[in-house]
**Student:** 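Handing you a structure now.
We name chains A, B, ... by the order of the sequence lines, and we start the count at 1 in each one.
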Protein chains: 2
Amino acid sequence: MINNYPIVMQSPLFKGVGMDDLNNVFSSIHYRIKKYDADQIIAFEGDEVKCLYILLKGSVKGEMMDPSGKTIKIEDILPPKPLAIAFVFGSANKFPVNIVSNEPSELLVIEKADALKLFSNNEQILQNFLNVISSRSQFLTQKIKMLSFQTIKGKLANFFLQETKGEAIDFVLNKSQNALAELFGVARPSIGRAFKEMNDDGFIHIKGKSVRIIDIKGLRSYLST
Amino acid sequence: MINNYPIVMQSPLFKGVGMDDLNNVFSSIHYRIKKYDADQIIAFEGDEVKCLYILLKGSVKGEMMDPSGKTIKIEDILPPKPLAIAFVFGSANKFPVNIVSNEPSELLVIEKADALKLFSNNEQILQNFLNVISSRSQFLTQKIKMLSFQTIKGKLANFFLQETKGEAIDFVLNKSQNALAELFGVARPSIGRAFKEMNDDGFIHIKGKSVRIIDIKGLRSYLST
DNA sequence: CCTAGCTTGTAACGAATGTTACAAAACCAG
DNA sequence: CTGGTTTTGTAACATTCGTTACAAGCTAGG
């Protein structure tokens with residue numbers, strides 16, 4: 001049955017696993033293919049995550065209610081992505097958002113006990129799963145670092161130092177002010193203002209997309225702000 | 001050899017695993033016990049994490065350099081805790097901080113390949129590891145949510161609504177203003193000011209440690225700030 | 001009861017950012 | 001090249017928070 005979905009081979013969970021091996025492990029566990037119509041609720045925010053879910057067909061979206069009751073779309077999820085993968089195990093394993101189908105969709109559903117069996121029986125799948133959730137944690141750690149800077153200049157200095165790995169002196173900015181503003185959750189004109197101030201401080205020289213780091217020590221001083 | 005460290009039974013990784021089972025799985029993998037003197041560098045920030053490390057004896061600290069070159073202690077780690085557990089696997093698996101021994105210490109060191117074997121061979125250990133790193137991810141997700149509020153009133157409203165699960169109307173605050181300020185990374189007088197403003201807005205009534213939610217809808221309106 | 005230490009309340013002032021708006025510059029497609 | 005769209009620069013004003021400081025209230029121990 002899993003044979004009907006060759007896309008599953010491209011899932012981050014099954015990278016590097018041959019089709020024979022995949023068939024082998026799937027033949028020894030229980031799993032379901034669950035179908036949904038368009039605009040159907042797949043899971044509610046706050047519901048316990050009881051299974052490992054992988055999207056095989058269609059597309060789904062994660063959405064939240066804002067305080068006024070309005071629905072905000074967080075992201076669209078396409079095959080062969082897993083859903084809420086970091087919430088399958090753990091002490092607070094609740095869906096962080098509502099999951100709704102955008103169109104008719106099909107999900108691979110594996111109960112937790114069978115997911116554990118799957119991981120035990122194939123080390124590559126286990127390693128893939130560990131890589132995915134560990135990378136998630138690492139990404140979140142970086143995001144917290146960014147959000148913990150009190151000032152926009154601190155965020156920008158951190159961003160520049162990470163982009164250059166403390167090496168290059170000149171580099172080309174690969175994000176517009178708008179994109180940086182969205183990434184940092186700040187107002188776009190404030191990005192422009194911070195650029196001007198950093199320029200005025202003499203630590204960088206920025207013209208359009210070209211950035212030159214003039215005083216790296218000065219740039220690092222923003223990291224405590 | 002692992003018998004010499006009964007404390008390992010209390011590690012979050014080995015909860016619910018009997019001593020016989022533990023001996024059994026450890027007899028089929030390679031591992032080392034590594035000893036360190038006091039004030040010795042165990043790992044540098046940015047170094048690749050190549051092994052699973054569990055502290056068996058002594059204590060170690062995580063520390064960072066601030067931009068001025070000064071050392072900041074992030075946390076102390078005691079047995080039987082693992083080190084940098086969310087950084088063992090994943091695409092950015094580097095130590096996030098320096099790790100330094102506070103006193104003579106001993107670490108259980110398991111190469112990644114052997115760690116994978118350990119997990120494959122005992123489902124309870126596998127589940128424990130998945131629970132630990134998934135919980136870590138869930139904690140980080142909550143922290144990002146908190147840090148993403150633009151205002152202190154938003155943070156506090158979120159905190160109150162989580163403490164009460166949207167149910168109780170009266171409750172006792174279990175954290176001092178100082179503790180809340182530390183938790184949110186803000187100034188203590190600003191917490192007091194936000195309390196006063198929320199009081200003045202008529203959404204809560206707070207006196208000492210007693211909190212009454214007067215207008216939950218109003219309280220929710222802070223969530224967008 | 002008294003004292004010391006901790007917590008809270010409050011205020012003034014400065015710093016940083018958000019918001020709104022408009023103009024200029026840059027970019028892209030026809 | 002031209003026109004339309006996007007991006008950037010800038011400014012004024014409002015909002016929020018940080019910092020510093022001091023006083024009052026609370027709590028625990030002797």
**Student:** Would you tabulate the pairs of protein nitrogen or oxygen atoms and nucleotide nitrogen or oxygen atoms of nucleotides 24-29 of chain D closer than 3.5 angstrom?
**Tutor:**
none

**Student:** Output every pair passing side chain to side chain donor-acceptor pair (under 3.5 Å) with a member in residues 197-207 of chain A, not counting sequence neighbours, ordered by first then second residue.
**Tutor:** A/Lys153-A/Glu197, A/Lys196-A/Asp200, A/Asp201-A/Tyr222

**Student:** With sequence neighbours left out, which residue pairs that include part of residues 76-91 of chain B fulfil the salt bridge (Lys or Arg N to Asp or Glu O under 4.0 Å) condition?
**Tutor:**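 Those involving residues 76-91 of chain B are B/Lys73-B/Asp76.
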
**Student:** The helix from C/dC1-D/dG30 to C/dG30-D/dC1: angle between its terminal axes, five pairs each, to 10°?
**Tutor:**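 Rounded value for the end-axis angle: 50°.
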
**Student:** How many whole angstroms separate atom CD1 of B/Ile206 from atom P of C/dT7?
**Tutor:** 16 Å

**Student:** Is the shortest side-chain heavy-atom distance between B/Ile41 and B/Tyr36 below 4.5 Å?
**Tutor:**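 Counting from C-beta outward, B/Ile41 and B/Tyr36 never come under 4.5 Å.
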
**Student:** How many Å lie between CG on B/Leu180 and P on C/dG9, as a whole number?
**Tutor:** 12 Å

**Student:** Suppose we screen for side-chain hydrogen bond (donor to acceptor under 3.5 Å, both in side chains). Which residues come up paired with A/Gln142, at least two apart in sequence or across chains?
**Tutor:**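 Partners of A/Gln142 under the side-chain hydrogen bond (donor to acceptor under 3.5 Å, both in side chains) test: A/Gln162.
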
**Student:** Could you check if a side-chain atom of A/Phe203 sits within less than 4.5 angstrom of a side-chain atom of A/Ile213, using non-hydrogen atoms only?
**Tutor:**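 No - every pair of side-chain heavy atoms lies 4.5 Å or more apart.
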
**Student:** Give the B/S/- string for nucleotides 10-23 of chain C, one per nucleotide from 5' to 3', where a protein heavy atom under 4.0 Å of the base yields B, of only the sugar-phosphate yields S, and otherwise -.
**Tutor:** BB----SBBBBB--

**Student:** Name every donor-acceptor pair, under 3.5 Å, that has one atom in a side chain of residues 129-141 of chain A and the other anywhere in the protein, sequence neighbours excluded.
**Tutor:**
from, atom 1, to, atom 2, distance (Å)
A/Asn131, OD1, B/Gly90, N, 2.8
A/Asn131, ND2, A/Gln127, O, 3.3
A/Ser134, OG, A/Leu130, O, 2.7
A/Ser135, OG, A/Asn131, O, 2.7
A/Ser135, OG, B/Ser91, N, 2.8
A/Ser135, OG, B/Ser91, OG, 3.2
A/Gln138, OE1, B/Ala92, N, 2.8
A/Gln138, NE2, A/Ser134, O, 3.3
A/Gln138, NE2, B/Ala86, O, 2.9
A/Gln138, NE2, B/Phe89, O, 2.7
A/Thr141, OG1, A/Ser137, O, 2.9

**Student:** Going by side-chain hydrogen bond (donor to acceptor under 3.5 Å, both in side chains), name the residues that satisfy it together with B/Thr151, two or more places apart in sequence or in a different chain.
**Tutor:**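 Listed in chain order: B/Thr225.
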
**Student:** Without placing hydrogens or testing angles, list every side-chain donor-acceptor pair under 3.5 Å for residues 176-191 of chain A, not counting sequence neighbours.
**Tutor:**
from, atom 1, to, atom 2, distance (Å)
A/Ser176, OG, A/Asn178, N, 3.4
A/Ser176, OG, A/Ala179, N, 3.1
A/Ser190, OG, A/Arg193, NH2, 3.3

**Student:** For B/Asn174 and C/dT7, give me the distance from atom CG to atom P, rounded to whole Å.
**Tutor:**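 One finds 14 Å between P of C/dT7 and CG of B/Asn174, rounded.
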
**Student:** Give the table of side-chain donor-acceptor pairs shorter than 3.5 Å for residues 4-13 of chain B, with sequence neighbours excluded, one pair per line with atom names and distance.
**Tutor:**
from, atom 1, to, atom 2, distance (Å)
B/Tyr5, OH, B/Glu106, OE1, 2.3
B/Ser11, OG, B/Leu13, N, 3.2
B/Ser11, OG, B/Pro80, O, 3.3

**Student:** If I take atom CG in residue A/Leu173 and atom P in nucleotide C/dA26, what distance separates them, rounded to the nearest angstrom?
**Tutor:** 16 Å

**Student:** Please give, in whole Å, the distance from D/dT6 P to A/Glu182 CD?
**Tutor:** 14 Å

**Student:** Could you state the atom-to-atom distance from CE of B/Met198 to P of D/dC17 in whole Å?
**Tutor:**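 Between P of D/dC17 and CE of B/Met198: 11 Å.
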
**Student:** Which residues pass the side-chain contact (heavy atoms from CB on, under 4.5 Å) test with A/Glu75, not counting sequence neighbours?
**Tutor:**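 Result, side-chain contact (heavy atoms from CB on, under 4.5 Å) vs A/Glu75: A/Ile77.
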
**Student:** A/Phe195 CZ to C/dA25 C1': how many Å, rounded?
**Tutor:** 16 Å

**Student:** Tabulate below the donor-acceptor pairs under 3.5 Å that side-chain atoms of residues 42-61 of chain B make, not counting sequence neighbours, or state none.
**Tutor:**
from, atom 1, to, atom 2, distance (Å)
B/Asp47, OD2, B/Phe44, N, 3.3
B/Ser59, OG, B/Asn102, ND2, 3.0
B/Ser59, OG, B/Glu103, OE2, 3.2

**Student:** Would you kindly give the NZ-to-C1' distance between B/Lys209 and C/dC6, to the nearest whole Å?
**Tutor:**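 It works out to 11 Å between those atoms.
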
